[in-house]
Engineer: 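Below you will find the structure I want to go over with you.
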Amino acid sequence: MAIDPICGMTVDESTPWQTTRDEQTFYFCCEHCLKKFEVGGASESSPMQLVTLGEAPPKHDCCHGHQGHSANQKSSAKYICPMCEGVESDVPGDCPKCGMALERNQPAAPQTKTIYTCPMHPEVQQDHPGSCPKCGMDLEPQTVTADEEEDDPELMWMTIRFWVAAVLTVPVFALAMLPMMGIELGVPAEVSRWIQLSLATPVVVWCGWPFFVRGAKSLVTMNLNMFTLISLGVAAAYLYSLIATIFPAAIPEAFQHAGEVPVYFEAAAMIVTLVLLGQVIELRARKKTGSAIRELINLAPPTARIIQDGQEREVPLSEVRQGYELKVVPGDKIPVDGEVLSGSSTVDESMLTGEADPVRKQQGDNVIGGTVNQGGTLRIQATNVGEDSVLSQIVQMVGQAQRSRAPIQRLADTVSGYFVPAIVGIAIVTFIVWALWSPEEPKLAYALLNAVAVLIVACPCALGLATPMSIMVGVGRGAKAGVLVKEAAGLETLQQVDTVVVDKTGTLTEGKPKLTELEPAEGFSEDELLKYAAAVEQNSEHPIAHSIVAAAIQRDMGLPEATDFDSTTGEGVQAVVEGKKIVCGKPSLLKDHGIEFDASGSPEGTKVYLGVDGKYAGALIVSDPLKETTAGAIQSLHEMGIRVIMMTGDNAQVAGAIAKKLNIDDYQADLSPQDKHDRIQKLRDEGAKVAMAGDGINDAPALAAADVGIAMGTGTDVAIENAAITLMGGDLEGVVKAFRLSRRVMRNIRQNLFFALAYNSLGVPIAAGILVPLFGMHALLNPMFAAAAMSFSSVSVIGNALRLRATNLTE
């Protein structure tokens, strides 16, 4: 691809409009741009210089609204020229440079390229479909789409191949097995072999073709995998049977039984059919692992109501741009991230945060695309659209985490690396042993069947799927509960954590001051105390003043006007309210006005004292209240055997009171960001596995120092960037959910690895015939049953991983 030097469009280099200048080739989107270039002499580094004042090039749609004009489109103007950089206007009209009609400023959506990756080897990536060079599986798009479940070529073709194989294999199986069960079909043995050959050949050659292609590729690249074993086993059984049917005289007597040459078309065909069945079931199950992402994608509505030039119209979501004004009526989903311009309502954010309680929104508040407007009509201004929206970033984070590798995956990789060569060696040894010492004739026939059974039963697909399947399902389940995992390594490390360090402000508490208690003096009521304090504080910009005024508004108090307002820095405020002299602030300010009283501090907050006409009226306690879920979350962490330590920059008196109230194991106060970082590093040096939960910029160093950083979703981008896990809900209950998710995912992975390793450890010796000396020849494992067992092994691992979709993270 190249850039058109005239209009800035991205152009395919196969375009017929191209020219060479100074030994460099330039490419154009249309003939018009080519001619402009030849006349004016623009350079690639300065596109659009050819459009000069007074010229009016013909309009051509190919240059309109393209990403090449992004410099213009970043402007806040309503109208821009599609050709001339810097021409913009708040009203429609014509461009003063080129004469073209100005167009509405609508930045084009970014163009993205689909990257395909292997679900078992995420390091394998390419920009086109294909198969993994390591394991042979079909590559999948990194980006999950809403309709991916319906449009899956691999699943479609595997399903077609399976049904063709099943229809053709049934008669092959009947011709081969029924006579062995004493049921005569009246078909001569030689005719039966030719019928089996004609039916089994399309099963093996066409239906099983993907396995042979992947097996051959694995041998060429020496990335031996499950398809290496399948293709070798099926090829051995089929090619021997093919030669035995066409050239029976070429088969040694050691392969013959009672003068007849046995064939094993039914084994080859049945293996292909059963492996195809396993692949279909596996593919269907794997698609379910993307269901969490699809549910997130589908949270965004398909359309939005935009308001332009006073007119309301409904447009596709893809046409919404930053700065657009949108209308959201009750019951509608909010289309994109935005800021409320007018109106008030409650918004259900549970789909993203996992929290059931709706959130109150009013002018100036931010809303998230995909959440549901419940109460009133809102007018919002779009702030983040497309890939910049919170929902898109969540989808991207979840997808990236699902493709990441947990350290435990190295165990499976190491085992798989030695496993396939070892199995090929065992199959060869099995063939030799049975060929020399088989207790029954024909020895070579038993040697071949047992070697094939070893190859088929040992396919390590279940081992390769054990870890990535659990990670994919677990990360998706966490996302639905508001626990976003950045990488699988963090999820694995979290289950080893024994110490959680928490910040106080915004983590244990709500993060903003709130009036929590009123202490009226004798002769004054709570309402009088609050009314006078709020009346005088409504003229102050201090956060504590805002909390007092907010409490009065919440009680529907009509605040009287305050006159003669005066503020003393660091002390408090005073004014006249309803003819009374009001003084509000520290004890020293009241005493300066001749008001004597006994002042006592509050260990949990800031005390504001009030005087009315020279008399002490009482005190108001403003504090940062604990979140409702904090106490229960700390209790849950203790029940998990996790120590909780609070590190805060607040003073020791406040920190001590909160630690005692919440039964926190230890607390450290008056800490700077560097102090938190150093204390966490010290804990790790002492042997503790530490997780840090915080939400502020000051928490970023501590989050980075911990074994696992957990950012509260209500916090800053800096905190989230330095964390392995982000909690959309923003309270400590999310930390509990993260621990439960981590422990259950890792338990699921260990279960899957046990299933896979135990299965192969048992299956291979049985296929090799180790039980024959004890139980006789009927203890042999037929290759058909080996194929069925191998497929069941993979399906059982996937089924076990899918159980995580239903796990309850609240208990």
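Computed from a predicted model, the values in this text were never measured in an experiment.
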Engineer: If I take atom CD1 from residue Ile548 and atom SG from residue Cys584, how far apart are they, to the nearest 0.5 angstrom?
Structural biologist: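 Atom-to-atom, Ile548:CD1 and Cys584:SG are 5.0 Å apart.
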Engineer: Quick one: do Gln363 and Ser342 satisfy side-chain contact (heavy atoms from CB on, under 4.5 Å)? Show the steps, please.
Structural biologist: CA-CA 5 Å; Gln363 184 177 353; Ser342 63; 5.7 Å; no
Engineer: When you look at Leu494 and Ile710, which way does the side-chain contact (heavy atoms from CB on, under 4.5 Å) test go after all the steps?
Structural biologist: CA-CA 10 Å; Leu494 187 61; Ile710 304 175; 4.2 Å; yes
Engineer: Taking side chain as C-beta onward, heavy atoms only, is Asp365 less than 4.5 Å from Val367?
Structural biologist: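 Heavy-atom side-chain distance check fails, nothing below 4.5 Å.
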Engineer: State whether the side chain of Asn373 and the backbone N or O of Gly376 hold a donor-acceptor pair below 3.5 Å, judged by distance alone.
Structural biologist: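 Yes; judged by distance alone, with no hydrogens or angles, the pair exists.
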Engineer: How far apart are the C-alpha atoms of Gln322 and Thr383, what are their side-chain angles, what is the distance that settles it, and do they pass the side chain to side chain donor-acceptor pair (under 3.5 Å) test?
Structural biologist: CA-CA 5 Å; Gln322 184 177 349; Thr383 55; over 6 Å; no
Engineer: Using a strict 4.0 Å threshold on nitrogen-to-oxygen distance, state whether Asp332 and Lys327 make a salt bridge.
Structural biologist: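 No, this pair does not count.
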Engineer: For residues Ile471 and Val745, determine if any side-chain heavy atom of one lies less than 4.5 Å from a side-chain heavy atom of the other.
Structural biologist: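 Ile471 reaches Val745 side chain to side chain.
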Engineer: Between Val502 and Lys504, does a side-chain contact (heavy atoms from CB on, under 4.5 Å) hold up when you go through it step by step?
Structural biologist: CA-CA 6 Å; Val502 294; Lys504 178 184 75 70; over 6 Å; no
Engineer: Give me the atom names and distance for the closest heavy-atom approach of Ser470 to Ile749.
Structural biologist: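 That would be CB-CG1, 3.3 Å.
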Engineer: Looking at Asp665 and Arg643, would you say the former's side chain and the latter's main chain have a donor-acceptor pair under 3.5 Å?
Structural biologist: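 Absent.
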Engineer: Does a side-chain N-to-carboxylate-O contact under 4.0 Å join Glu578 and Lys531?
Structural biologist: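 Judged by the 4.0 Å cut-off on N to carboxylate O distance, Glu578 and Lys531 do form a salt bridge.
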Engineer: Of the non-hydrogen atoms in Ala534 and Leu559, which two are nearest, and what is the gap between them?
Structural biologist: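 Residues Ala534 and Leu559, closest heavy atoms: CB-CD2, 3.7 Å.
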Engineer: Evaluate the side-chain proximity of Val573 to Asp566: yes if any heavy-atom separation is below 4.5 Å, no if none is.
Structural biologist: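 Asp566 does not reach Val573 side chain to side chain.
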Engineer: If you compare all heavy atoms of Val536 against all heavy atoms of Gln574, which two are closest, and at what distance to 0.1 Å?
Structural biologist: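 For Val536 and Gln574, the tightest heavy-atom pair comes out as CG2-C, 3.7 Å.
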Engineer: May I ask you to decide if Lys581's main-chain N or O and Asp613's side chain share a donor-acceptor pair within less than 3.5 Å?
Structural biologist: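 Yes, Asp613 side chain to Lys581 backbone: donor-acceptor pair under 3.5 Å.
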Engineer: Can you tell me how the ring of Tyr609 sits relative to the ring of Phe597, calling it parallel under 30°, perpendicular over 60° and tilted otherwise?
Structural biologist: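 Tilted.
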Engineer: Between Leu727 and Val483, is there a side-chain heavy-atom distance shorter than 4.5 Å?
Structural biologist: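 Yes, close enough: below the 4.5 Å cut-off.
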Engineer: Treating Asp624 as the side-chain partner and Pro513 as the backbone partner, does any N or O pair qualify as donor plus acceptor under 3.5 Å?
Structural biologist: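 No, Asp624 side chain to Pro513 backbone: no donor-acceptor pair under 3.5 Å.
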Engineer: May I ask you to check whether over 12 heavy atoms, not counting those of Glu522, lie within 6.0 Å of atom CD?
Structural biologist: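 It does not: Glu522 CD has 12 such atoms or fewer within range.
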Engineer: Is the CD atom of Glu561 crowded by more than 12 outside heavy atoms at less than 6.0 Å?
Structural biologist: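 Incorrect, the count does not exceed 12.
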Engineer: Using 0.5 Å steps for rounding, measure from the CG atom of Asn748 to the CG atom of Leu804.
Structural biologist: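 Nearest 0.5 Å value for the CG-CG distance: 4.0 Å.
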Engineer: Less than 4.5 Å apart, any side-chain heavy atom of Ser623 and any of Thr606?
Structural biologist: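 Answer no - side chains too far apart.
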Engineer: Is the backbone N or O of Glu528 less than 3.5 Å from a side-chain atom of Ser525, with the two atoms forming a donor-acceptor pair by type?
Structural biologist: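 Answer holds: yes.
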Engineer: Could you give the distance from CG (Asp675) to CG (Leu671), rounded to the nearest 0.5 Å?
Structural biologist: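 If I round to the nearest 0.5 Å, the distance is 5.0 Å.
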Engineer: For Ala711, is there any backbone N or O sitting under 3.5 Å from a side-chain donor or acceptor partner on Thr726?
Structural biologist: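 Not at all, since once roles are kept as given, no pair shorter than 3.5 Å links the two residues.
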Engineer: Under 3.5 Å, is there a donor-acceptor pair between the side chain of Thr346 and the main chain of Val359?
Structural biologist: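 Between the backbone of Val359 and the side chain of Thr346 there is no qualifying donor-acceptor contact (under 3.5 Å).
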Engineer: How close do Val328 and Ile380 get, counting heavy atoms only, and between which atoms?
Structural biologist: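 The answer is CG2-CD1, 4.3 Å.
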Engineer: To the closest 0.5 Å, what do you measure between CG (Leu326) and CZ (Arg305)?
Structural biologist: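 Here the rounded value is 11.0 Å.
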Engineer: Please determine if Lys627 and Glu733 form a salt bridge, counting it only when a charged side-chain N lies under 4.0 Å from a carboxylate O.
Structural biologist: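 Salt bridge absent between Lys627 and Glu733.
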Engineer: Grab the two heavy atoms, one from Leu590 and one from Gly611, that are nearest each other, plus how far apart they are.
Structural biologist: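 The answer is CD2-N, 3.8 Å.
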Engineer: Is there side-chain contact between Lys607 and Leu620, with heavy atoms separated by less than 4.5 Å?
Structural biologist: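 Lys607 does not reach Leu620 side chain to side chain.
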Engineer: Closest approach of Val708 and Gly490, non-hydrogen atoms and distance?
Structural biologist: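 Closest approach of Val708 to Gly490: CG2-O, 3.9 Å.
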Engineer: Decide yes or no for Val336 and Asn384: does some side-chain heavy atom of the first lie under 4.5 Å from some side-chain heavy atom of the second?
Structural biologist: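 Not touching, per the 4.5 Å side-chain cut-off.
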Engineer: What's the separation between atom OH in Tyr532 and atom CG in Asp527, rounded to the nearest 0.5 Å?
Structural biologist: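 The CG atom of Asp527 is 11.5 Å from OH of Tyr532, to the nearest 0.5 Å.
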Engineer: For the pair Gln681 (side chain) and Ala706 (backbone), establish whether a donor and an acceptor sit closer than 3.5 Å, ignoring hydrogens and angles.
Structural biologist: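 Flag not set: sc Gln681 to bb Ala706 has no pair under 3.5 Å.
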Engineer: With side chain to side chain donor-acceptor pair (under 3.5 Å) as the criterion, how do His546 and Glu537 come out once you've worked through the C-alpha distance, each side chain's angles and the decisive distance to 0.1 Å?
Structural biologist: CA-CA 7 Å; His546 289 172; Glu537 292 284 14; over 6 Å; no
Engineer: Assess the residue pair Leu683 and Ile645 against the criterion (side-chain contact (heavy atoms from CB on, under 4.5 Å)); give the C-alpha distance rounded to whole Å, side-chain angles, the decisive distance to 0.1 Å, and a yes or no.
Structural biologist: CA-CA 11 Å; Leu683 285 171; Ile645 299 176; 4.0 Å; yes
Engineer: Treating His542 as the side-chain partner and Ile544 as the backbone partner, does any N or O pair qualify as donor plus acceptor under 3.5 Å?
Structural biologist: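 Judged by distance alone, yes, a pair lies under 3.5 Å.
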Engineer: So, taking the atom named CE in Met647 and the one named NE2 in His677, what distance separates them when rounded to the nearest 0.5 Å?
Structural biologist: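 With rounding to 0.5 Å, CE (Met647) is 11.5 Å from NE2 (His677).
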Engineer: In the structure I gave you, are the side-chain heavy atoms of Val622 and Thr516 within less than 4.5 Å of one another anywhere?
Structural biologist: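 Val622 vs Thr516: side chains apart.
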Engineer: Check whether Ser344 reaches the backbone of Gln362 with its side chain - one donor and one acceptor, N or O, closer than 3.5 Å.
Structural biologist: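 No; judged by distance alone, with no hydrogens or angles, the pair does not exist.
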